[in-house]
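Chain letters run A, B, ... following the sequence lines, proteins first, then strands; residues in each count from 1. Predicted, not measured: the structure shown is a model, and the values here were computed from it.
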Amino acid sequence: MVSRAKIKELMNESACSHSKEKKPGEGCDKPKPGLATGGCAFDGAQISLFPYADAVHLVHGPQTCLGASWETRETKTSYLGRDHTQMGFTTGITTNDVIFGGDKRLSNSIDYVMEHYKPEAIFVYSTCVTALVGDDIDMTCKLGSQKHKIPVVPVHAAGFVGSKNLGSRLAGEAVLEHLIGTKEPEYTTPYDINLIGDYNVTGDMWQYLPLFEKIGLRVLSSMSGDGRVGDIRTAHRAKLNVIVCAKSLITLTRKMEEQYGIPWISVSFYGKRDTSFAIREIVNALGDLELITRAELVIAQAEEELETALTPYRQLFAGKKAVLNTGGNKAWSIASSLQDLGIEVVATSIAKSTQDDIDKAREYLGKDGVLMTKPASEQGKIIDSTGAHILLAGGRSLYTAIKKKISFIDVNQEKKTSYGGYSGLLNLAEDLKYAFRNPVFANVGKPAPWEVN
Amino acid sequence: MEFSLTHKEHKPLQINPIKHSQPMGATLAFLGIKGCMPLMHGAQGCASFTKVFFTRHFNEPIAVHNTSVSDLTAVLDGGDYSILMAIENIQNKEKNLTPSMIGLHTTGLTETKGDDVRSVGTHIEIPYVFVNTPDYEGGMESGWSLTVTAMIEQLTQAVTYIQPNTLVLLPHVSMQPIEVEKIKALCEDFGFETYALPDLSTSLDGYWEAGQGKLSNGGIRVDEIRDLATSSFVISIGASMKKSALALQKKNPLIEHIHFDHLMGLDANDNFVGKLMEIRHIAPNAHLKRWRARLQDAMLDSHFLIGSSHFVITGEPDMLTGMCALIRSVGGTVDAAVSTTFSEVLHTIDAQKVFVGDLEDAREFFDGANMVISNFHSERILHSYPNTALVIRGFPNYEELGNQLKNDQLYEGSAYFLFEIANVLRKVKHEH
Ligand code: SF4
């Protein structure tokens, strides 16, 4: 199990903007009974590592942990071998394992996986029950690794140690301890970067990677979207760590800076401005003049192409106003995208945002924009007072849209297309076009014949 | 690999599992009680996964709360603190929340700790039902039936009289909301005042209104559960529900128990309808007679396509039993019936192979099959089998819409189901 000291250390992460106002030891997120609603640490660890398609992800626990979570995320991969990201592997422990320990089952499972699937690595996730009964997964993994000559990485992020966010940090710890620095890259360039925290959901990364190629940036490794375990082992040779919209992995990049001297920056690729800004940040951090010049050319060309493609949408969206009610970085990243499309964002929710996110939201919305702290009760009134045309929110707010007879997009639904990079903006524009045009929200809320007097 | 029907596992792990956990079955059962607050006693993740799972299957807001046990409370607390604080915190946060009942169930974590969830009930002022559902035992089907049994044992009042023509229906976990409604309606047509426990037909049936998602939206009422022992009949559907029916009989031995393993296909429904006729001494209405004739017609129309086809079917034991029976009744060959968990009823299935397994096992039979009837997870695997069709049934069905309105039961549902299968089969078979 993870030691208390370790958890405390992670909870007090100095580079995390959650921690500022909290007392020492209080840290990010010890759950209050009944009030923790998000995913557990195991969930977070899994999200951060699962996209490694060349590794098998073996969940050592009873049925809930994996049974209800596999194949739920559209993490795309270009890996040509068997795609393990859309498969589920679990030891599915039974009463016997709870009483006598599950180490034997785990080691047999590792053998089985090696015999039938021959992955490049195995991640073994501990979960609440196997952590509580004290299965020695470190030892089992070590023996498995020696026997099969591949990395077998224990991931100590049992659900009960905390939230998704913490789990993601613990996944970073596992990668740092067991993988990074264990292999040398075939060659290096001065433009090698690691991408940290983009999981390539719906192919988000593929929206901007072609631009990197044009500029001459090389992605040495990724944690973990479209990633390979072989590559992350060489990550210590990169010149820069680029965190994409994932505060939880700051601990990892900070430690890599300490251990390997790799500087890090944090960027996002939502919308035009953010994407251009992100590219500039990366090339500036690398500091090569030629690279910077090339980047400017690529940005200029991409922006121009985008402008042309967006013109018809801009006309369509002229004068439209939107209210945005979603959590975390989406509160400003989607706002930024909407503004890029010429839509005025009159309000956004900051109910679950960190101080960083709140600052960003203010920056994007300007002084007149409303930052809602109680969006559920505020959004209806704001729609009335501003005459907003569309509500972008989670499914629960659907009723507000119907009552106000305005358009609606469920931003929390599993996306099918990417809104990332320059071209993702076109996908968002398409979705908005159809949303504005759709009369369903006005139609469906009409009174029934027996409700009219 | 040799597959046979035993309790013993044939490998140390599951690969692409179809099995779901007991706690998830328990949550779903509590969601069929009006105003219930399902409270999962465990770390936060299980509830979060469960919520996403059912939200995507039903496309409805799902009310699930949890006690957020942490590694700290796991060691220090015997359960009382987490449970009581959770209830208090939730009530403080959601001011106007007045649950009709708290449905508490455990998870692997809190069972391993050995929490005593019974006695904490004495400190809770609203009706409280607890059930032990470790996720290292059983599966979704048993979690559901254990919960139904617990509700009967802990809520229903023992009585010594019955109300004539009242009936309790105990549906197994795999029945979708509309299926429960159809069966209830049929019983009502026979003149029974009918209750279903749980009743998803009025809670997860797709009805939308404001303010959902904190408590179960509809379902049977707590006071109705209290009075269930005054019913004259209890009908259990699915072998997993027999024990729950017996629990109700214990509250009142005058209740007559009638059991059906499933309600799919002509035979099963003839038995069912025959029994209702016998009790009530009346003939079915014209509607029902008509549906029987339509099912006969569907069987004849589809027998050629289905009768020359090979199937792989996966699912919870009770659903699997009904599906296999219906397919067999029109000549389909079931090459493999793959169950999530073990159940005695699996012995009644007429298939080449019947066993407990996962999709890695099921896949060994995909090549020879014309059709797979399985959950969402088979879809991607079947991309590599262009000549094998898929009909999605069982949990989860993440992508298709309208799952809550899919009816495969009774004469009517069986007829639609046969047509659906035959039409999908046609697409793969006629391209050969
Ligand atoms: S909270 Fe624990 S038992 Fe539940 S899903 Fe997370 S790791 Fe598994």
Side-chain angles (χ1 to χ4, degrees), chain A residues 1-2 7 30-43 58 61-72 86-95 97-98 104-106 108-109 111-113 116 127-129 131-133 158-164 395-396 398-399 403 414, chain B residues 9 11-17 19-24 39 42-50 52-53 55-56 61 65-74 81-83 85-90 93 107-109 112-113 134-137 139 208-213 376-377 380 396 398:
Chain A
M1 272 179 55
V2 199
I7 300 285
K30 230 349 73 154
K32 276 213 183 86
L35 299 184
T37 50
C40 62
F42 156 70
D43 192 2
L58 178 58
Q63 208 62 32
T64 309
C65 317
L66 178 86
S69 68
W70 71 284
E71 212 187 348
T72 49
Q86 303 299 348
M87 295 182 67
F89 294 80
T90 180
T91 52
I93 59 159
T94 60
T95 313
D97 305 305
V98 174
K104 185 91 196 93
R105 179 190 285 275
L106 178 58
N108 288 343
S109 299
D111 292 347
Y112 185 98
V113 167
H116 293 86
T127 60
C128 295
V129 176
L132 190 72
V133 301
F160 62 6
V161 302
S163 71
K164 220 149 88 167
R396 270 195 201 163
L398 178 58
Y399 187 73
K403 231 170 59 184
E414 294 296 315
Chain B
E9 298 167 289
K11 57 187 183 195
L13 76 174
Q14 297 170 44
I15 297 177
N16 297 340
K19 179 169 144 184
H20 300 295
S21 71
Q22 283 207 135
M24 294 175 62
L39 183 59
Q44 67 191 81
C46 306
S48 162
F49 283 141
T50 302
V52 172
F53 183 93
T55 303
R56 284 187 65 180
H65 299 269
N66 74 84
T67 57
S68 328
V69 174
S70 70
D71 49 349
L72 214 76
T73 42
Y81 167 79
S82 313
I83 294 171
M85 282 308 292
I87 296 171
E88 178 153 324
N89 288 339
I90 294 166
K93 186 170 168 238
T107 56
L109 172 63
T112 307
K113 262 150 62 58
D135 53 352
Y136 47 77
E137 276 172 21
W208 68 266
E209 63 178 25
Q212 288 170 318
F376 154 84
H377 291 299
R380 197 181 298 262
Y398 288 143

Over all heavy atoms of both residues, which pair between A/A158 and A/A41 is shortest? Give the atoms and the distance, please.
O-CB, 3.5 Å

Of the listed A/E71, A/K403, A/K104, the one with the largest count of heavy-atom pairs under 4.5 Å with chain B is A/E71

Side chain / backbone / both / neither for A/F89 at chain B, heavy atoms under 4.5 Å:
both

Applying side chain to side chain contact (heavy atoms under 4.5 Å, CB included), name anything that partners B/V52, two or more places apart in sequence or on another chain.
B/R56

Which pair of non-hydrogen atoms, one from B/M24 and one from A/A68, has the smallest distance, and what is that distance?
SD-CB, 3.7 Å

Residue, of B/K93, B/K11, B/E88, that accumulates the most heavy atom pairs under 4.5 Å with chain A
B/K11

Taking all non-hydrogen atoms of both residues into account, name the closest pair between A/S69 and A/C65 and its distance.
OG-O, 2.7 Å

If you count heavy-atom pairs under 4.5 Å with chain B, which of A/T95, A/V113, A/D97 comes out on top?
A/T95

Say whether B/T67 and B/S82, considering side chains only, have a donor N or O and an acceptor N or O under 3.5 Å apart.
no

Is it the backbone or the side chain of B/E9 that comes under 4.5 Å from a heavy atom of chain A, or both, or neither?
side chain

Non-hydrogen side-chain atoms of B/P17 and A/W70 separated by less than 4.5 Å:
yes

Work out which heavy atom in B/S48 is nearest to a heavy atom in A/D43; give both atom names and the distance.
OG-OD2, 4.3 Å

Less than 4.5 Å to any heavy atom of chain A: does that hold for the side chain of B/M85, its backbone, both, or neither?
both

Heavy-atom pairs under 4.5 Å with chain A are the metric here; pick the option from B/H65, B/R380, B/K113 that has the most.
B/R380

Please check if the side chain of B/N66 supplies one atom and the backbone of A/A36 the other of a donor-acceptor pair under 3.5 Å.
yes

For chain B, the option from A/D111, A/V129, A/T127, A/T37 that forms the most heavy-atom pairs under 4.5 Å
A/V129

What residue, out of A/L66, A/I93, A/L106, has the most heavy-atom pairs lying under 4.5 Å from chain B?
A/I93

Which atoms of A/L398 are under 4.5 Å from chain B, going by heavy atoms: the side chain, the backbone, both sets, or neither?
neither

Sort B/K19 into side chain, backbone, both or neither according to what part of it lies under 4.5 angstrom from a heavy atom of chain A.
both

